[in-house]
Amino acid sequence: MATYEWVPRTRNYAAEIKSFEVTSVAATSHPLKAITVTEVKKIGDKKDASKSSASAPSKSTVIDPLSSSDPLSVGINAEFDGLDPLSRIMKGDSAPAAKSNRSDRLKAQSVDETDGGDNLGETFEPWSLKKAGILSVYTTSEKLSITTSFLSATDQENVVIKTQTQSAGTVSDKVKNRLEQLDDFEEGSVKEMLNLSQQDYVKRIEELNEALKTAWDSDHRVKALKIAIQCSKLLADISVIPFYPSKFVLITDILDTFGRLVYDRLLDKAQSSLPGRSLKLSANFTSDEVPEAAKETCRNWFFKIASIRELIPRLYVEAALLKSYNFLNTNEYSDALRRLSLMVRGIGDPLVAVYARCYLCRVGMIIAPKFKDHIPRCFEDFITTFPQVQGESVQNILAVQKLDMPRYLTLFSPALDWILQCLAHNASETLLNETLERCKEQCNNALMINSIMSAFQPQYIANRALVFTEMIRDCEGTGLPKYLLHRTLGLCLVVAETPEDQRLPVLNEVWKAVVKQKNPSEYIGCAEIWIEFVVKHCGKREINTFLGDIIKHMTPDRAYEDFYPQLQSVVIKILAHQHDFSLLFSLDKFMTFVDMFQKEAVKVEVCKNIFESFNKHQTTSVSDPVVINAMMFLGKIMHDSVDALTLEDEKRQIGQLLCGFIRLVQFGRDFEQQLSFYVESRAYFSNLDSVLITLIHSVNNLAVETRRIVRGSHTSKTAAFVRACAAYCFITIPSLQSIYSQLQLYLLSGQVALLNQCYSQGDAFFKASISLIPEMPKTLDGDAKSKSSEPYLLEYLYSFVATLLVTPDNPEMGVMYLLRGLLNVLQDYTWEPNSDARILVYTRVLAMLSAAYQEEYPYHIDKVDSNDSMYGNDPKYLSEVKNMANTLISEILSHLKSIATPDNAKRQSSLVMEILSVLLTTCDFSQPSVSTLTVNLWNLAQKNGQADVKTLKKLIDLVKSKASSASSAFQSLLPRLVINNA
């Protein structure tokens with residue numbers, strides 16, 4: 001193999017940089033403005049006009065597809081009149097109504113699908129959200145029974161379903177036939193299933209729901225009606241009273257399904273009966289638009305309902321079908337709701353009656369939310385009949401079922417809450433006054449007061465906070481316990497603004513009652529709500545007293561162990577409103593309160609809550625020792641919870657919280673105290689890489705800040721301090737688990753040490769980095785999967801080589817001893833199979849050696865004498881640099897020879913072009929050896945036609961540009977390269 005001598009060309013970096021400068025010119029228009037071309041036509045020859053039209057576009061080709069109102073974009077954006085949907089939202093506009101059936105379908109969406117109140121505004125809690133709570137609270141372990149004929153094969157055999165086989169007949173015959181089928185149902189075709197568990201009962205109800213849908217899909221309309229009737233009759237059963245609210249939810253879901261099926265059937269009937277197939281009923285159609293055939297079918301349904309003998313099923317089924325009245329008479333809703341509300345008075349049991357009123361109000365809010373005449377009547381009827389709960393019949397039932405009165409009264413809550421919510425929706429404060437007066441007159445009961453506070457707007461309640469505290473104090477104790485009333489009142493007051501003159505009296509009145517609670521559950525149920533009121537409206541002393549009272553009540557018998565969620569809620573609510581951590585940690589009861597969390601997992605979560613609030617709300621730096629010591633104590637708890645089994649996400653979360661805290665601690669110009677804090681933090685949080693990395697960066701930043709203050713001229717004191725910072729980093733970096741992070745921080749810390757003229761420390765960092773390279777793992781763990789570490793190592797080595805250019809040599813160690821050590825390590829490093837990474841590093845080293853050969857380097861570190869100043873172009877030094885470069889070229893050529901196989905042709909060409917790009921920018925082509933090497937490599941790159949054409953063109957353009965600048969070396973090289981390329 002031929003031997004080539006490397007000769008770098010002499011460069012003037014300052015002149016090169018100046019030649020690249022572009023003269024700035026003031027902009028005459030916005031650089032991002034779309035370019036428009038205006039076409040100018042002359043009246044004259046048509047050929048000229050057509051030619052001009054064809055050659056010059058009338059609009060810019062740069063069109064914003066979202067915001068353009070250009071006619072060219074009409075096909076895409078016409079619906080939005082030139083504004084994209086996001087821009088319309090920002091402007092507060094909505095998209096224009098589409099000229100298609102899409103908007104009609106949206107407008108015609110069935111109200112039934114909104115499930116009771118979803119479309120009544122944010123202040124109205126829909127039934128869909130209440131259902132889950134009712135089903136989870138009102139459970140039973142007693143055996144249940146169900147009466148039906150559609151659950152088992154045996155039962156189904158006992159049901160005779162008559163079908164209409166005649167092809168013709170009068171309407172009255174059909175009605176008579178169907179009424180006979182209903183009579184069959186009432187004559188004993190049903191059976192009672194006994195001893196069902198709650199789970200079995202729910203399963204049977206779900207089967208009934210499916211049976212109803214199946215019957216409907218099979219055109220067995222009467223069978224579907226029978227199922228609805230049977231389900232309704234179950235609501236008259238109070239044999240297991242504690243389960244009644246849940247049973248009501250399950251049964252009314254079936255009735256809702258039945259009502260929707262009937263309505264959709266009638267709507268299809270009306271649509272199909274219109275004279276033209278393309279005609280459809282309007283979204284808000286009236287009865288005048290409905291064909292007579294659909295009206296007749298609708299009447300038929302209501303006739304069947306009217307024939308139901310028992311009150312409860314007749315009432316519920318008609319309420320389920322209430323929306324279908326629109327096919328008969330548009331204004332029938334109001335009359336039907338009034339009539340049904342009066343029918344409820346015929347139900348004797350107060351619990352059954354209140355849930356019937358609840359269903360009536362729910363259906364009414366869906367169908368006719370603006371009509372509310374029936375709601376006050378339902379509420380008034382409830383108040384009037386409420387004394388029945390003390391009657392003999394109810395008392396006998398409770399005695400049989402061994403149910404006490406307070407438990408029985410809680411069963412009324414879901415229904416009463418809903419009725420009052422419907423009553424209070426969009427109501428004025430006057431209605432609240434009237435409701436309170438009516439309540440005081442006849443029903444000053446805890447149940448009623450609680451429902452009123454839950455239903456009306458919190459601000460209305462807050463305006464009368466003292467009134468409600470007095471009502472709670474004087475109300476009948478039967479029913480809900482008073483601590484629940486205080487809790488509900490607190491929920492209202494924390495979301496509203498209580499008048500200032502009422503705040504302290506209300507708090508004193510409530511807390512006098514709450515502190516008397518002996519039951520920890522009842523006490524903490526109130527305390528976790530009222531702590532928010534105290535934090536919002538009171539001062540440091542009141543908060544501390546409140547926390548002390550909680551500690552006093554929850555410490556006996558270690559009661560706090562059973563109420564960790566409530567205690568954690570107290571901490572969260574304090575943090576939500578108290579963002580002055582100096583004040584917070586000055587409370588002597590706060591840390592004592594935190595100490596009550598004895599379970600490690602819970603205590604760690606509480607510490608996380610505190611750190612999250614601190615990092616979010618602490619906008620200024622912290623130097624208060626009380627805050628710092630408290631946060632360090634809490635951070636140590638989080639840190640010590642990390643072990644080998646901790647998930648990576650958990651480690652990452654804790655690390656981020658601790659890093660955020662560390663960055664916020666600043667002691668101003670007291671850098672020694674700052675460094676002491678970092679030393680203490682390292683001792684506290686030594687097991688988390690992310691925290692150690694943050695500490696190392698912070699210490700390096702401290703050293704740089706010290707240099708900035710002294711403007712690079714260190715005194716003996718500041719020099720000792722920055723050396724201490726370097727020592728801190730040198731000691732801390734080996735503690736990291738990640739080798740790659742160690743490498744990066746060694747390089748960064750070495751650069752900071754050089755910046756502060758700490759030469760021996762800088763050498764130590766670079767030596768440690770070089771010795772660590774062989775330990776670099778072959779793969780790095782990413783977010784989803786492992787990936788090769790070689791690309792990361794390459795990027796690191798490129799930066800490292802660039803740093804070594806300005807690193808001064810130790811006179812005792814020889815010329816570029818750090819670079820020699822790096823090359824020796826790379827020579828022995830085990831690279832990936834078929835990898836050219838080592839040669840790529842060599843090419844960067846060649847570029848670095850070319851810069852090192854110059855009389856003046858392209859960049860320097862301020863107040864650091866690099867080798868150009870130390871050696872002053874000494875011939876021995878230049879000879880050493882040249883020898884190193886020649887050795888590298890030999891290594892590169894040997895590698896190119898080793899991969900010279902047909903399978904590696906493309907790989908070889910790519911690598912050669914990398915080498916050429918370095919040679920063309922750094923070498924002296926007036927030297928025959930260098931010129932010959934370059935031409936040979938050029939030929940090798942084009943061998944077998946595998947070279948990248950674009951890269952070759954760029955290299956030729958580079959040579960041309962250099963040749964045009966009167967460089968005789970490039971002028972002589974250009975013909976040889978171009979000819980070979982041709």
Note, [X] side chain near [Y] side chain (heavy atom, < 4.5 Å):
X	Y	value
D643	T646	yes
L634	V606	no
V389	L351	no
I205	Y201	yes
F243	T139	no
F611	I654	no
L411	Y244	no
L398	I241	yes

Aromatic ring proximity, centroids under 6.0 angstrom, W511 and F546:
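Here the rings of W511 and F546 have centres that are less than 6.0 Å from each other.
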Check whether the ring centres of Y523 and Y483 lie less than 6.0 Å apart, and answer yes or no.
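Ring centres of Y483 and Y523 not closer than 6.0 Å.
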How are the rings of Y564 and Y560 set to each other: parallel, tilted or perpendicular (split at 30° and 60°)?
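Judged by the thresholds at 30° and 60°, the geometry between Y564 and Y560 is tilted.
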W127 vs W418 aromatic rings, parallel, tilted or perpendicular, using cut-offs 30° and 60°?
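Because their plane-to-plane angle is over 60°, the rings of W127 and W418 count as perpendicular.
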Please give me the minimum heavy-atom distance between [X] and [Y], naming the atom from each residue.
X	Y	value
K589	L547	CB-CB, 4.0 Å
L208	C231	CD1-SG, 3.7 Å
P245	P414	CB-CG, 4.5 Å
D349	I238	OD2-CD1, 3.0 Å
Q457	A427	NE2-O, 4.3 Å
L360	A319	CD1-CB, 4.3 Å

Which value, rounded to the nearest 0.5 Å, describes the distance between [X] atom [atom1] and [Y] atom [atom2]?
X	Y	atom1	atom2	value
K536	E532	NZ	CD	6.0 Å
F456	T435	CZ	OG1	4.0 Å
C526	I550	SG	CD1	11.0 Å
S586	K540	OG	NZ	3.5 Å
F661	I610	CZ	CD1	12.0 Å
E542	R503	CD	CZ	12.5 Å

Under the side chain to side chain contact (heavy atoms under 4.5 Å, CB included) rule, what do E206 and V202 come out as? Steps first, then yes or no, please.
CA-CA 6 Å; E206 290 173 353; V202 173; 3.8 Å; yes
Should N450 and T488 be marked as a side chain to side chain donor-acceptor pair (under 3.5 Å) after you check the CA-CA gap, both sets of side-chain angles, and the distance that decides it?
CA-CA 7 Å; N450 190 68; T488 305; 2.5 Å; yes
Which residue is it: K247, K131, R362? I am looking for the one with a salt bridge (Lys or Arg N to Asp or Glu O under 4.0 Å) to D253.
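That would be K131; it is the only one of K247, K131, R362 passing the salt bridge (Lys or Arg N to Asp or Glu O under 4.0 Å) with D253.
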Ignoring hydrogens and angles, tell me if any N or O in the side chain of [X] forms a donor-acceptor pair with the backbone of [Y] under 3.5 Å.
X	Y	answer
Y460	M453	no
Q502	L466	yes
S197	D200	yes
Q390	Q395	no
K372	H425	yes
S451	L447	yes
Q656	Q653	no
Q198	S141	no
N615	L657	yes
K233	I312	no

Determine whether the side chains of [X] and [Y] contain a donor N or O and an acceptor N or O closer than 3.5 Å.
X	Y	answer
E528	S569	yes
S521	N519	no
N433	T430	no
Q459	N463	yes

Hey, which of F412, F382, Y138, F248 is the one that makes ring pair (Phe, Tyr, Trp, His ring centres under 6.0 Å) with Y355?
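Among the candidates, only F248 passes.
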Any carboxylate oxygen within less than 4.0 angstrom of a Lys/Arg side-chain nitrogen, looking at [X] and [Y]?
X	Y	result
K516	E522	no
D404	R407	no
R377	D381	no

For Y684, I'd like to know if atom OH has over 12 heavy atoms of other residues, nucleotides or ligands within 6.0 Å.
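Atom OH in Y684 is not packed in, count stays at 12 or less.
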Count the heavy atoms belonging to other residues, nucleotides or ligands that lie under 6.0 Å from CG of D557, then report whether that count exceeds 12.
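Counting neighbours around CG of D557, 12 or fewer heavy atoms of other residues, nucleotides or ligands fall under 6.0 Å, so no.
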Check against side chain to side chain contact (heavy atoms under 4.5 Å, CB included), L489 and I449:
CA-CA 10 Å; L489 178 61; I449 296 173; over 6 Å; no
Dump the intermediate steps for side chain to side chain contact (heavy atoms under 4.5 Å, CB included) on I375 and M365, then the final yes or no.
CA-CA 10 Å; I375 298 176; M365 291 301 287; 3.9 Å; yes
Y316 vs I251, test: side chain to side chain contact (heavy atoms under 4.5 Å, CB included). Steps then yes/no.
CA-CA 10 Å; Y316 271 101; I251 299 300; over 6 Å; no
Please list all pairs passing the salt bridge (Lys or Arg N to Asp or Glu O under 4.0 Å) test where one or both residues lie in residues 592-606, with sequence neighbours left out.
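Salt bridge (Lys or Arg N to Asp or Glu O under 4.0 Å) check on residues 592-606 returns D595-K603, E605-K608.
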